[in-house]
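For reference, the structure is listed below as structure tokens.
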There are 2 protein chains.
Amino acid sequence: MELPVVNQPVHRSGVLLDHLSRRIRTRSESVLAPLGLRPRHLVALTVLRESGGTTQQALSATLEIDGTNVVSLLNDLEKDGLVERRRSPEDRRRHIVELTQAGVERLAKAEFALAAVEDEVLGSVLDEAQRELLYSLLKQATVGQKVVCTND
Amino acid sequence: MELPVVNQPVHRSGVLLDHLSRRIRTRSESVLAPLGLRPRHLVALTVLRESGGTTQQALSATLEIDGTNVVSLLNDLEKDGLVERRRSPEDRRRHIVELTQAGVERLAKAEFALAAVEDEVLGSVLDEAQRELLYSLLKQATVGQKVVCTND
DNA sequence: GCTAATCATTGGCGAAACACAAACGATTTA
DNA sequence: TAAATCGTTTGTGTTTCGCCAATGATTAGC
């Protein structure tokens, strides 16, 4: 109503974010289980699709997951043939992780299944425009993250 | 740009939601630890403040957490004097859980601490208006949830 | 060439989330 | 008074996950 004078957001989203994402995540687990995936895998697959191939180290930084856990995560995915580890030609210590064709397809299949979950949770409380808006905000919030390039 | 003709959101937020909330949650844990709280506690305290007192059963439904786990959650909070369990005058088998004054204060203190976390994660990628917008969307998405009243 | 640093990997530890089963205690009903 | 109901409590077990240490392979510095 009145012009806000504050230059700081009054409301904090952290708790709501936690609550809402948990509601979606628990439902997602049920839906993803038949596909042999867990929510965590989905995030990794999504990042890999968008990046088009990164080192595990970069993946660890992006996901903010400990390197050792990234290994087991990728082991799961590679065991199913969804990702592929290649040695980097530049530095043969590194692995370059990439989605396989099967990975692309499985991801698409998972997203299709997850759409139903999201419709169930958000469908009755947000209209399409709001959901698109939410997506764009989240996208901006996650993509815009400062990836601290290792400058030594 | 063009008018969208679809009546279904093209983009799904689930994965982004998962990713972002995780980034905030891990940082929150560090910040909340000195206060003797975990993210889970914060969600419960927030719900209790807004509802102004509910039964554990209702809390269980809202948080979508198993009733038995709500107990231990409340035990933690009550041990610190943050919440209070009263017998319901209507049905003396029930407990009505309410925030204490100490609970209100601790929650405020926690929110203050969490604000710094949220600023760190969102501050550089979303402006104030966008953060408020995100909040309102999340608020609507969580508050609007269907609370299935037990009608037998 | 030799030593140190880097990257991926493995295994183990501990904390936490969570679901489930069973018991308990107070209260209501027959 | 006995039985049934309801919320709560206790306890157990599984799974997830972050962290630490050690190993092997590779690269970089001296």
Side-chain angles (χ1 to χ4, degrees), chain A residues 18-19 21-30 32-33 36-44 53-79 83-98 149-152, chain B residues 18-19 21-30 32-33 36-44 53-79 83-98 149-152:
Chain A
D18 202 358
H19 187 35
S21 84
R22 184 182 178 279
R23 292 183 61 213
I24 294 182
R25 183 160 15 92
T26 53
R27 288 167 172 78
S28 299
E29 283 166 2
S30 315
L32 291 177
L37 297 173
R38 276 172 294 140
R40 174 159 286 237
H41 295 137
L42 251 287
V43 181
T54 49
T55 66
Q56 295 188 200
Q57 191 174 334
L59 198 57
S60 169
T62 304
L63 298 176
E64 293 193 4
I65 291 180
D66 188 279
T68 62
N69 294 101
V70 172
V71 172
S72 68
L73 199 65
L74 291 178
N75 286 348
D76 295 341
L77 296 176
E78 195 174 36
K79 184 161 48 61
V83 303
E84 196 180 39
R85 285 191 251 216
R86 283 197 338 247
R87 285 287 171 189
S88 166
E90 301 155 0
D91 187 339
R92 291 187 41 75
R93 287 172 299 185
R94 296 186 193 177
H95 275 161
I96 292 185
V97 187
E98 243 172 330
C149 296
T150 55
N151 55 348
D152 50 331
Chain B
D18 203 358
H19 187 34
S21 86
R22 184 181 177 279
R23 291 183 61 212
I24 294 181
R25 182 159 19 89
T26 52
R27 288 169 172 78
S28 298
E29 283 166 4
S30 314
L32 290 177
L37 296 173
R38 276 169 294 140
R40 173 161 286 238
H41 295 136
L42 250 287
V43 180
T54 49
T55 64
Q56 295 188 198
Q57 188 176 334
L59 199 57
S60 168
T62 304
L63 298 177
E64 296 194 0
I65 291 180
D66 189 281
T68 63
N69 295 103
V70 172
V71 172
S72 67
L73 200 64
L74 291 178
N75 285 349
D76 294 342
L77 297 176
E78 195 174 36
K79 184 162 47 61
V83 303
E84 195 181 40
R85 287 190 247 217
R86 282 196 340 248
R87 285 289 172 188
S88 165
E90 302 156 0
D91 188 337
R92 293 186 40 76
R93 288 173 297 190
R94 295 187 195 175
H95 275 163
I96 292 186
V97 188
E98 243 173 331
C149 296
T150 57
N151 55 346
D152 51 330

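Chain naming here is simple, since letters A, B, ... match the order of the sequence lines and numbering starts at 1 in each.
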Report the nucleotide, chosen from [options], that has the shortest atom-to-atom distance to any side-chain atom of [X].
X	options	result
B/Arg85	D/dT9, C/dC7, C/dT9	D/dT9
B/Val71	D/dC19, D/dT9, C/dT9	D/dT9
A/Arg38	D/dT9, D/dC20, D/dT16	D/dT16
B/Gln57	C/dT9, D/dG7, C/dT10	D/dG7

Are any of [X]'s side-chain N or O atoms less than 4.0 Å away from OP1 or OP2 of [N]?
X	N	answer
A/Asn69	D/dT16	no
B/Arg92	C/dA26	no
A/Arg40	D/dC17	yes
B/His95	D/dC6	no
A/Arg25	D/dT16	no
B/Gln56	D/dT8	yes

| request: Name the nucleic acid region contacted by A/Arg87, choosing base, sugar-phosphate or nothing; use a 4.0 angstrom heavy-atom cut-off, strictly under. | output: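 Result for A/Arg87 = nothing.
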| message | Rounded to the nearest 0.5 Å, what separates atom CD1 in B/Ile24 from atom CG in A/Asp18? | response |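 Output value for this atom pair is 9.0 Å.
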| Does any donor-acceptor pair link the side chain of A/Thr55 with the base of C/dC7 at a separation under 3.5 Å? |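 No, no donor-acceptor pair under 3.5 Å.
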| said: Using a distance-only criterion (donor-acceptor N/O pair, under 3.5 Å, no hydrogens), is the base of C/dT6 paired with the side chain of A/Arg93? | reply: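 Such a pair exists between side chain and base.
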| query | Charged N to carboxylate O under 4.0 angstrom, A/Arg38 versus A/Glu29? | reply |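 Result for this pair is no, no salt bridge flagged.
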| field | Charged N-O contact under 4.0 Å between B/Glu64 and A/Arg22 | value |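 Salt bridge: no.
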| query | A/Arg40: what forms a side-chain hydrogen bond (donor to acceptor under 3.5 Å, both in side chains) with it, not counting sequence neighbours? | reply |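 Scan of A/Arg40 (side-chain hydrogen bond (donor to acceptor under 3.5 Å, both in side chains), adjacent residues dropped) gives none.
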| Of A/Asp91 and A/Ser72, whose closest DNA chain C nucleotide lies nearer the 5' terminus? |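 Mapping each residue to its closest nucleotide by heavy atoms, the 5'-most match is A/Asp91.
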| said: Just the rounded figure in Å: distance from P of D/dT9 to CG of B/Asp76. | reply: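 After rounding, the gap between these two atoms is 12 Å.
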| message | Which is more 5' along DNA chain D, the nucleotide nearest A/Asp66 or the one nearest A/Glu90? Just name the residue. | response |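 Closer to the 5' end of DNA chain D: A/Asp66.
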